[in-house]
Amino acid sequence: MTNLLDGLSLSARNDIFSYITLIIRYLLPIPAVVAVARCAVSLLRRGRAGETWGYLSLPNGARIQLNHWENIIGRARDADVHMAYPSLSRSHAAVIRDGAGVWRVYDLDSKGGASVNGAALTPGEGRAVKSGDLIALGSVKLVFVGDGGADAPRDGRAARPRPPRPWMALVFLTEFQLLLGTQACIAKADALTVSVPASFAALIAVMWICYALSRPASGACFEIETLAFFLCSVGLSITASSSPGTLWRQTAFLCAGILLYCALVWFLRDLGRAARMRRPAGAAGLALLVVNLALGDTIFGAKNWLQIGGMSFQPSEFVKIAFVFAGSATLDRLFAKRNILLFIAYSGACVLALAMMRDFGSALVFFVAFLVIAFIRSGDMATVFLSVGGAAFAGFLAVAAREHIAARFSSWGRAWDNVNASGGFQQTRAMSAAASGGLFGVGSGNGWLKRIFAADTDLVFGMTCEELGLIIAATAVTAVAALAVFAVLSASAARSSYYAIGACASASILVFQLALNVLGSTDILPFTGVTFPFVSRGGSSLIACWGLLAFIRAADTRAASGGFGRSAESDDTD
């Protein structure tokens, strides 16, 4: 473009570039909002898409669908198979399908007992059943029709309408990326390097390649990935503005995150394989924290960095994936109370290690994920309240013992009283920059917040508001929220409790990180230095976020949603 304008004066060229930048500023929110809105509406409308894997036939001929591989039968309204018979316990029995397609019935220590073809079950015992077998639960007689039944579904997939043209959202997102790239190139002017246009071109190419390769498996379901690519686009614009020298590395981290996502998507398709990974992943995560505690480097008060081969990374980001692996469990493992006790001990060890590193932001994220997992696994609010009470006591001790934590809490809500002090310097600058950006921003590269320390990581919400505008910043928040709501909706239709727990835990990590970043930089919550998922610059966080996204995809049971469940193996007996 510069060569085409060589005949013009410097002033004329600057005027032309200013007009182009102004047009882009006002056009930029349109494709962003449309792309995210299309994905969000599709996800929220179809998040509860269920499947049918078998039936239970009542004596009157009525049939009750089995919509999961793991089904709890009882009188409780939240049971997977709800039957309001007085002889049934609230959670009377469970019907579970293993990797070979064999169904088993378990008596959940019911009052009325359970039997298969007249043979009584002992509490916790699992007995195989096949189509035509008679299951007695108390006084209720049921005939089981499973995968082998003549009229039962073979693969569990029901005929459902496809989402509305996912490639249309990608078209709008591509327009958004092209506008972002053009704006970033104009902002660099004579200092423009090939890394800026090349990074945006690589992002667009990788996005469309992923979509093309996913179509045979996922068909028309690409909304989850589209939202992630939108957030990464915003992050790439922030990096181009604040640290253009790291664009190549940031693009490489993005590709590494996508590769990890694809690997985990494939790995999680086999439930038995994923369930058996619980202990190795948990042990590896805890070992990584111990190594970090012993050999890590202290940067800005937190010992949460490791140096390997000249490259530094944050182990706690990858431990989040291991934590979700360790916390997720199939229904048959949830029957044993010792499993939740072991997970509580494991969670305590992880949070303690993070606290010893002084990485209290990550410790908070892990604790919230623990609360979500503990409640889903136990359904016991007493466990949650006890954990919250223990954490509050530990937090009180941490505030009393660590001066820098006490300083952050003492300045919380009073950032404007400490404008030039450590307690409010960053937040006041972030809020001022966000306000100066208005709805449409000042344009990529034209903001001043990027000169403040951690503007593209801990304060990235303020920088996004300043340069890209409040509309795009709010759209980025909406994208993460849509992923979280979809995870909660799809959990109720997930084929296994393993997928439901994994999706909700991953979503809770992403949402709580988002809340700490956005509300911390605006002084609504204490400033903890936690990253904005997919947007903040840095490799560890970006790769880990793509890894967590795979668990949300695993709970997706919509038509052509990625082929999860080709193996329903759940014989995790370790």
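Computed over heavy atoms, backbone and side chain alike; hydrogens, waters and symmetry mates excluded. For clarity, every value in this text was computed on a predicted model and none was experimentally measured.
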Donor-acceptor contact below 3.5 Å, side chain [X] vs main chain [Y]:
X      : Y      : result
Ser42  : Cys39  : no
Asp109 : Pro123 : no
His92  : Leu108 : no
Ser490 : Ala487 : yes
Ser89  : Lys111 : yes
Ser541 : Gly538 : no
Ser540 : Gln314 : yes
Ser214 : Tyr211 : yes
Arg90  : Ala76  : no

Quick one: do Tyr499 and Leu271 satisfy side-chain contact (heavy atoms from CB on, under 4.5 Å)? Show the steps, please. CA-CA 8 Å; Tyr499 295 138; Leu271 178 59; 3.8 Å; yes
In terms of relative ring orientation, are Phe461 and Phe532 parallel, tilted or perpendicular, with 30° and 60° separating the classes?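 It falls in the parallel class, under 30°.
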Take the angle between the ring planes of Phe366 and Phe323 and call it parallel below 30°, perpendicular above 60°, tilted in between.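 Aromatic pair Phe366/Phe323 classed perpendicular.
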Let me see the working for Phe325 and Phe551 under ring pair (Phe, Tyr, Trp, His ring centres under 6.0 Å), right down to the final yes or no. CA-CA 9 Å; Phe325 263 116; Phe551 288 94; 5.1 Å; yes
If I take atom [atom1] from residue [X] and atom [atom2] from residue [Y], how far apart are they, to the nearest 0.5 angstrom?
X      : Y      : atom1 : atom2 : answer
Leu519 : Ile524 : CG    : CD1   : 5.0 Å
Leu549 : Cys545 : CG    : SG    : 9.0 Å
Leu514 : Ile509 : CG    : CD1   : 13.5 Å
Ile72  : Tyr106 : CD1   : OH    : 12.5 Å

Give a yes or no on whether the ring-centroid distance for Phe370 and Phe375 is below 6.0 angstrom.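 No, ring centres 6.0 Å or more apart.
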Run the ring-centre check on Phe534 versus Phe229 and record whether the distance is less than 6.0 Å.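 Between Phe229 and Phe534, which both carry aromatic rings, the centre distance is not below 6.0 Å.
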Go through the structure and list residues passing ring pair (Phe, Tyr, Trp, His ring centres under 6.0 Å) with Phe253, not counting sequence neighbours.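 Phe253: no ring pair (Phe, Tyr, Trp, His ring centres under 6.0 Å) contacts found.
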Scan residues 339-354 for pairs that pass salt bridge (charged side-chain N to carboxylate O under 4.0 Å, His left out), counting only residues two or more places apart or in two chains.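 Salt bridge (charged side-chain N to carboxylate O under 4.0 Å, His left out) check on residues 339-354 returns no pairs.
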Please give me the minimum heavy-atom distance between [X] and [Y], naming the atom from each residue.
X      : Y      : result
Ile501 : Ser328 : CG2-CA, 3.7 Å
Val460 : Asn517 : CG1-OD1, 3.9 Å
Gly113 : Asp107 : CA-OD2, 4.1 Å
Ile73  : Val95  : CD1-CG2, 3.4 Å
Ile543 : Ala256 : CD1-CB, 4.0 Å

Does a donor on one side chain and an acceptor on the other come within less than 3.5 Å for [X] and [Y]?
X      : Y      : value
Glu225 : Tyr261 : yes
Ser536 : Thr531 : no
Ser87  : Ser139 : yes

Would Arg97 and Glu70 satisfy salt bridge (charged side-chain N to carboxylate O under 4.0 Å, His left out), going step by step from the backbone distance to the final call? CA-CA 7 Å; Arg97 182 183 188 269; Glu70 304 162 352; over 6 Å; no
Could you walk me through whether Val324 and Ile373 pass the side-chain contact (heavy atoms from CB on, under 4.5 Å) check? CA-CA 9 Å; Val324 175; Ile373 294 174; 5.5 Å; no
I want to check a possible cation-pi pair here: Arg127 against Trp103, using under 6.0 Å from ring centre and within 45° of the ring axis as the test.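 Not satisfied by the 6.0 Å and 45° rule.
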